[in-house]
Novice: 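Handing you a structure now.
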Amino acid sequence: MFSDYSGNGTGPSKEFSAPSSLGAYQAGSYGNEQSIQEAPIDSNLNNFKVDDNIVSVDETTFFFQRDLRTGKLVNLPNLIATGDKTPFLPDRVAKSIPFSSAKLPEILNHFSLKPQTRDANTIGETIRGCERAAINGEQKFCATSLESFIDLSISTLGKQIQLLSIEFSKETKNPLFTISRGMQNMGEHELVCHKMEYPGAVFLCHALNKTGVYKVPLVGRDGTKANALAVCHKDTSGWNPKHMAFQILKVKPGTVPICHFLFRDTLVWVSNSTAK
């Protein structure tokens with residue numbers, strides 16, 4: 001993990017804990033570059049066993065829209081994982097530090113990191129993910145401060161927006177949940193913001209055409225209640241054919257809507273005018 005530079009006010013806090021992966025967002029995986037992850041297991045929700053043994057229930061990654069319904073059992077280990085608590089750098093500090101692959105040596109020097117280390121490679125991967133060209137029908141940006149996070153979101157969606165996050169009634173170690181009543185369709189005018197690994201908070205926010213956002217109430221096997229977020233992509237025709245979603249669901253790009261739950265530290269901006 002990154003070292004603590006909180007003493008000088010320009011680095012990450014002691015609470016920084018980098019997430020283990022990029023979650024459902026994979027840099028380049030929606031476009032023509034090869035996906036950086038392989039499908040771990042067949043995660044079609046129809047393969048669930050009837051008992052409550054966690055080992056016997058396949059992890060829920062990508063699934064069909066018809067399975068986003070009340071009473072469905074889901075296994076969401078990434079939802080209950082501890083989120084990345086790295087805070088934003090102050091706006092003036094974020095603006096003073098370059099954020100580009102061309103300036104990587106300068107960035108590493110600022111954070112006193114040596115090249116070719118894990119942390120240095122992680123910073124490079126995050127920057128390259130932010131520099132990735134948008135695919136057809138996608139709007140994207142990376143925010144490195146709270147001010148830019150708000151300003152760029154407003155410039156993309158307008159001023160009438162609200163920020164959604166994942167909430168829990170209590171902490172739990174049991175990833176098994178059942179979708180309960182009260183699911184809300186928040187519309188298709190959205191920005192999904194994935195938290196990236198970096199010494200200060202960086203969110204990669206992107207909007208894909210024909211993508212719906214849903215607030216999904218869950219009840220855990222141990223009684224824990226959660227308000228999760230799921231997205232359904234209705235047009236996957238521009239995705240990389242090697243994307244893990246197609247491997248898992250055994251379908252081809254552009255044939256059926258594909259859904260997935262979001263990780264705990266993912267935030268979503270939605271337009272108030274389109275929420276249903």
Side-chain angles (χ1 to χ4, degrees), residues 1-38 78 81-135 138-156 163 165 191-207 240 262-267 269:
M1 301 305 174
F2 295 106
S3 302
D4 172 31
Y5 295 90
S6 57
N8 60 18
T10 63
S13 77
K14 296 178 181 179
E15 293 185 324
F16 178 80
S17 176
S20 58
S21 72
L22 300 185
Y25 171 79
Q26 302 168 55
S29 65
Y30 293 110
N32 295 321
E33 301 175 37
Q34 184 174 359
S35 170
I36 62 173
Q37 296 183 0
E38 297 296 329
N78 288 312
T82 302
D84 175 8
K85 297 181 180 180
T86 308
F88 279 117
L89 295 175
D91 188 54
R92 60 175 179 79
V93 175
K95 289 179 178 178
S96 71
I97 304 172
F99 191 80
S100 71
S101 297
K103 298 288 187 177
L104 186 57
E106 184 177 339
I107 297 171
L108 298 181
N109 182 64
H110 177 87
F111 293 113
S112 301
L113 296 174
K114 295 182 179 180
Q116 307 304 319
T117 60
R118 178 196 177 280
D119 290 345
N121 291 336
T122 296
I123 287 177
E125 290 172 3
T126 291
I127 293 174
R128 287 190 294 274
C130 288
E131 292 175 336
R132 172 186 64 82
I135 66 171
E138 179 189 30
Q139 294 176 284
K140 66 181 286 287
F141 63 81
C142 277
T144 58
S145 69
L146 178 60
E147 288 82 355
S148 64
F149 181 65
I150 295 173
D151 292 344
L152 290 170
S153 298
I154 290 175
S155 67
T156 303
L163 186 63
S165 63
L191 272 171
V192 177
C193 298
H194 307 273
K195 196 164 192 186
M196 311 293 281
E197 293 187 55
Y198 200 75
V202 170
F203 279 92
L204 188 154
C205 300
H206 67 148
N240 185 339
L262 299 177
F263 276 24
R264 188 166 184 171
D265 49 18
T266 302
L267 301 174
W269 290 101

Novice: Mark yes or no for whether K195, through its side chain, and D84, through its backbone, hold a donor-acceptor pair below 3.5 Å.
Specialist: yes

Novice: Okay, side chain of N121, backbone of T117: is any donor-acceptor separation there less than 3.5 Å?
Specialist: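 Side chain of N121 to backbone of T117, a donor-acceptor pair under 3.5 Å: yes, one is there.
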
Novice: Got a salt bridge between R132 and E138, using NZ or NE/NH1/NH2 to carboxylate O under 4.0 Å?
Specialist: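 Salt bridge: yes.
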
Novice: How close do F111 and L89 get, counting heavy atoms only, and between which atoms?
Specialist: CZ-CD1, 4.4 Å

Novice: Is the closest side-chain heavy-atom distance between F141 and L191 below 4.5 Å?
Specialist: yes

Novice: Evaluate side-chain contact (heavy atoms from CB on, under 4.5 Å) for H206 paired with H194, printing each intermediate quantity in order.
Specialist: CA-CA 9 Å; H206 67 148; H194 307 273; 3.2 Å; yes

Novice: Apply side chain to side chain donor-acceptor pair (under 3.5 Å) to residues S153 and T156 and explain how you reach the verdict.
Specialist: CA-CA 5 Å; S153 298; T156 303; over 6 Å; no

Novice: What's the spacing between K103 NZ and I97 CD1 if we round to 0.5 Å?
Specialist: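 Going from NZ on K103 over to CD1 on I97, the span is 13.5 Å.
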
Novice: How about L146 and I150: do any of their side-chain heavy atoms sit closer than 4.5 Å?
Specialist: yes

Novice: Can you check whether W269 and F203 have ring centres sitting under 6.0 Å from each other?
Specialist: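 Not under 6.0 Å, so no.
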
Novice: Any idea which heavy atoms bring C142 and L152 closest together, and the distance?
Specialist: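 Reported closest heavy-atom pair: O-CD1, 4.0 Å.
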
Novice: Say whether S100 and E131, considering side chains only, have a donor N or O and an acceptor N or O under 3.5 Å apart.
Specialist: no

Novice: Go through the steps for R128 and S101 under the test side-chain contact (heavy atoms from CB on, under 4.5 Å), then give the verdict.
Specialist: CA-CA 7 Å; R128 287 190 294 274; S101 297; 3.7 Å; yes

Novice: Look up atom CG in L104 and atom CG in N109, then write down how far apart they are to the nearest 0.5 Å.
Specialist: 11.0 Å

Novice: Any side-chain heavy-atom pair from I127 and I107 closer than 4.5 angstrom?
Specialist: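 A side-chain contact under 4.5 Å exists here.
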
Novice: Ignoring hydrogens, what is the shortest heavy-atom contact between S145 and A94? Give both atom names and the distance.
Specialist: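 Looking at all heavy atoms of both residues, the closest pair is CB-CB, 4.0 Å.
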
Novice: Between E147 and R92, is there a salt bridge with N-O shorter than 4.0 Å?
Specialist: no

Novice: Keeping the roles fixed (side chain from T126, backbone from E197), state whether a donor-acceptor pair exists under 3.5 Å.
Specialist: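 Yes, because the side chain of T126 sits within donor-acceptor range (under 3.5 Å) of the backbone of E197.
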
Novice: For residues Y198 and F99, establish whether the separation of their ring centroids is below 6.0 Å.
Specialist: yes

Novice: Is the SG of C205 found under 2.5 Å away from the SG of C193?
Specialist: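 Yes.
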
Novice: Would you say K140's side chain and L204's backbone share a donor-acceptor pair under 3.5 angstrom?
Specialist: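 Pair absent, no side-chain N/O of K140 close to backbone of L204.
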
